[in-house]
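All remarks here apply to the structure that follows.
In each ligand, atom 1 is the first atom listed, and ligand 1 is the first ligand listed.
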Amino acid sequence: PSVAHNPGSHAFQPEVPWELPREKLIFKKKIGEGSFGEVWRAKVDGILGRRGKEIVAVKLLKDYYTPEEKRCLMKELRVMQTLQPHPNIISLLGCCSVTEPLCIVMEYAANGNLQDVLRKQRYTFLQNDLSNLEKRPKINLTARDLTIFTLHVSSGMQYISSRDLLHRDLAARNVLLDKDLVCKISDFGSARDIVEMREYETSANQKLPLRWMAPESLLSCIYSSHSDVWSFGVFLWEVVTLGSSPYPGMTSEQVMDFVQKGCRMAKPTHCSQSLYTLMTDCWHHFPPSRPSFATIHDRLTTLLEEEG
Ligand code: ADE
């Protein structure tokens, strides 16, 4: 007996075949470099069965890497494979994971990471100064744009937390901006399933993003959506200060001490009182007292309406 071919039904669709032939990738330019990974801009023809050449971003390990680093990149791929497409999360387009080196092929965000975008905005006021020509931002952002960015990121995080996933490294450097100025959460190398968290923490000798971490994570390695909310509060601070480094002038030890004794960063100069209140609510010492990403999204929407 033959099985009826039923192209209209999604019920029996195999998993998306992410694997793609390595020869299809034409590497153009290195656009990012982390402690062990690199990101390249590349071209690929006919990815995901789509027609024509597309620009993509490819993440891969550097020439020398440890088994731990490979495991981390593989984990990032696995997490991305479980995510449904979401407008505020960088989407996976494919991978080369059967043979070495492991490559993750993802959507290309033409405006790069938000930390760099924010920092370039600082030179806006120097636009008439020709000596700063190369530092001129290609995009000019308004205060409203910045609030919209925070709304994008809160939407993406709302989806991540709804899937019982923890990002664990939410920061402006890990948010990308596409050509249409839509923020996309990226870098799922530290992301974990809530269930798997219990077993995982032992091998944690990686560099930690201390300045974005909640007191319970610093002190007891406890992570939850509430600790992602804490990081979101620090992200808000980064946005409103145009990409400053949190806790300026303090050493890592001073930051840990400062946060654990209940001190918080002061209200930045150009920050409204309502945004600062939201930030400090994200930094509530007692994790369950922090707002959820849904509440954060609502409050940012109100804030945007107030700004007019
Ligand atoms: N840097 C890191 N990932 C990137 C991406 N997907 N697009 C553009 N720049 C990136």
Side-chain angles (χ1 to χ4, degrees), residues 16 18-20 22 24-45 47-48 50 52-63 65 69-70 72-97 101-121 137-139 141 145 149 152-153 155-157 159-160 165 167-191 206-207 209 212 231 235 238-239 243:
V16 181
W18 296 111
E19 201 65 27
L20 67 107
R22 203 173 285 280
K24 278 202 171 193
L25 296 173
I26 305 160
F27 287 86
K28 295 288 184 185
K29 187 174 186 256
K30 195 198 283 185
I31 52 174
E33 186 151 8
S35 48
F36 61 86
E38 288 178 353
V39 181
W40 286 71
R41 179 160 54 79
K43 253 189 184 172
V44 61
D45 200 4
I47 200 161
L48 290 179
R50 301 199 286 233
K53 284 201 174 75
E54 278 182 61
I55 296 177
V56 295
V58 182
K59 193 166 187 176
L60 72 173
L61 295 167
K62 290 184 193 175
D63 287 345
Y65 58 85
E69 288 165 346
K70 186 179 173 199
C72 219
L73 197 66
M74 191 55 104
K75 178 71 201 169
E76 178 161 10
L77 174 62
R78 296 286 175 246
V79 169
M80 290 183 85
Q81 284 173 335
T82 68
L83 296 170
Q84 305 280 332
H86 185 285
N88 305 114
I89 295 177
I90 204 86
S91 53
L92 179 67
L93 300 175
C95 63
C96 311
S97 64
L102 171 62
C103 289
I104 301 181
V105 183
M106 60 190 149
E107 170 187 8
Y108 176 69
N111 279 302
N113 81 67
L114 196 58
Q115 186 184 52
D116 290 346
V117 170
L118 292 168
R119 288 182 177 179
K120 280 182 200 150
Q121 289 299 310
K138 288 201 195 83
I139 40 179
L141 301 171
D145 293 328
F149 290 170
H152 291 162
V153 176
S155 293
M157 287 308 298
Y159 170 70
I160 288 171
L165 278 170
H167 187 284
R168 303 202 310 158
D169 198 6
L170 179 60
R173 64 179 173 277
N174 290 333
V175 173
L176 298 168
L177 195 61
D178 80 355
K179 64 176 193 337
D180 303 318
L181 305 186
V182 176
C183 288
K184 312 263 175 180
I185 298 169
S186 78
D187 235 299
F188 290 88
S190 304
Q206 70 236 64
K207 267 187 231 144
W212 283 261
S231 309
F235 166 75
E238 289 183 276
V239 171

**Prompt:** Does the pair Glu238 and Arg173 meet the rule for a salt bridge (charged side-chain N to carboxylate O under 4.0 Å, His left out), with working shown?
**Reply:** CA-CA 10 Å; Glu238 289 183 276; Arg173 64 179 173 277; 5.2 Å; no
**Request:** Report the distance from atom CG of Asn113 to atom CZ of Arg119, rounding to the nearest 0.5 Å.
**Result:**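 Nearest 0.5 Å value for the CG-CZ distance: 9.0 Å.
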Find all atoms of ligand 1 within a distance of less than 4.0 Å from any non-hydrogen atom belonging to [X], and give their numbers and elements.
| X | value |
| --- | --- |
| Ile31 | 8 (C), 9 (N), 10 (C) |
| Tyr108 | 7 (N), 8 (C) |
| Ala57 | 5 (C), 6 (N), 7 (N) |

**Request:** For Val117 and Lys120, run side chain to side chain contact (heavy atoms under 4.5 Å, CB included): C-alpha distance rounded to whole Å, both residues' side-chain angles, the deciding distance at 0.1 Å, then the answer.
**Result:** CA-CA 5 Å; Val117 170; Lys120 280 182 200 150; 6.0 Å; no
**Prompt:** So which heavy atom on Ser190 is nearest to which on Arg168, and how close?
**Reply:**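 Answer, listing the atom of Ser190 first, then Arg168: O-NE, 2.8 Å.
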**Item:** Exercise: identify the closest heavy-atom pair between Phe27 and Cys103
**Value:**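 Nearest pair, atom of Phe27 first, then Cys103: CZ-SG, 4.5 Å.
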**Asked** Please state which protein non-hydrogen atom is closest to atom 4 (C) of ligand 1 and give its distance, to 0.1 Å?
**Response**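 Answer for atom 4 (C) of ligand 1: Leu176 CD1, 3.4 Å.
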**Prompt:** Can you tell which part of Glu107 has a heavy atom less than 4.0 Å from ligand 1: side chain, backbone, both or neither?
**Reply:**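 Looking at Glu107 and ligand 1, just backbone atoms fall under 4.0 Å.
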**Asked** Looking only at heavy atoms, is any part of Ala109 under 4.0 Å from ligand 1, and if so is it the side chain, the backbone, or both, or is it neither?
**Response**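 Ala109 to ligand 1: contacts from backbone and side chain alike.
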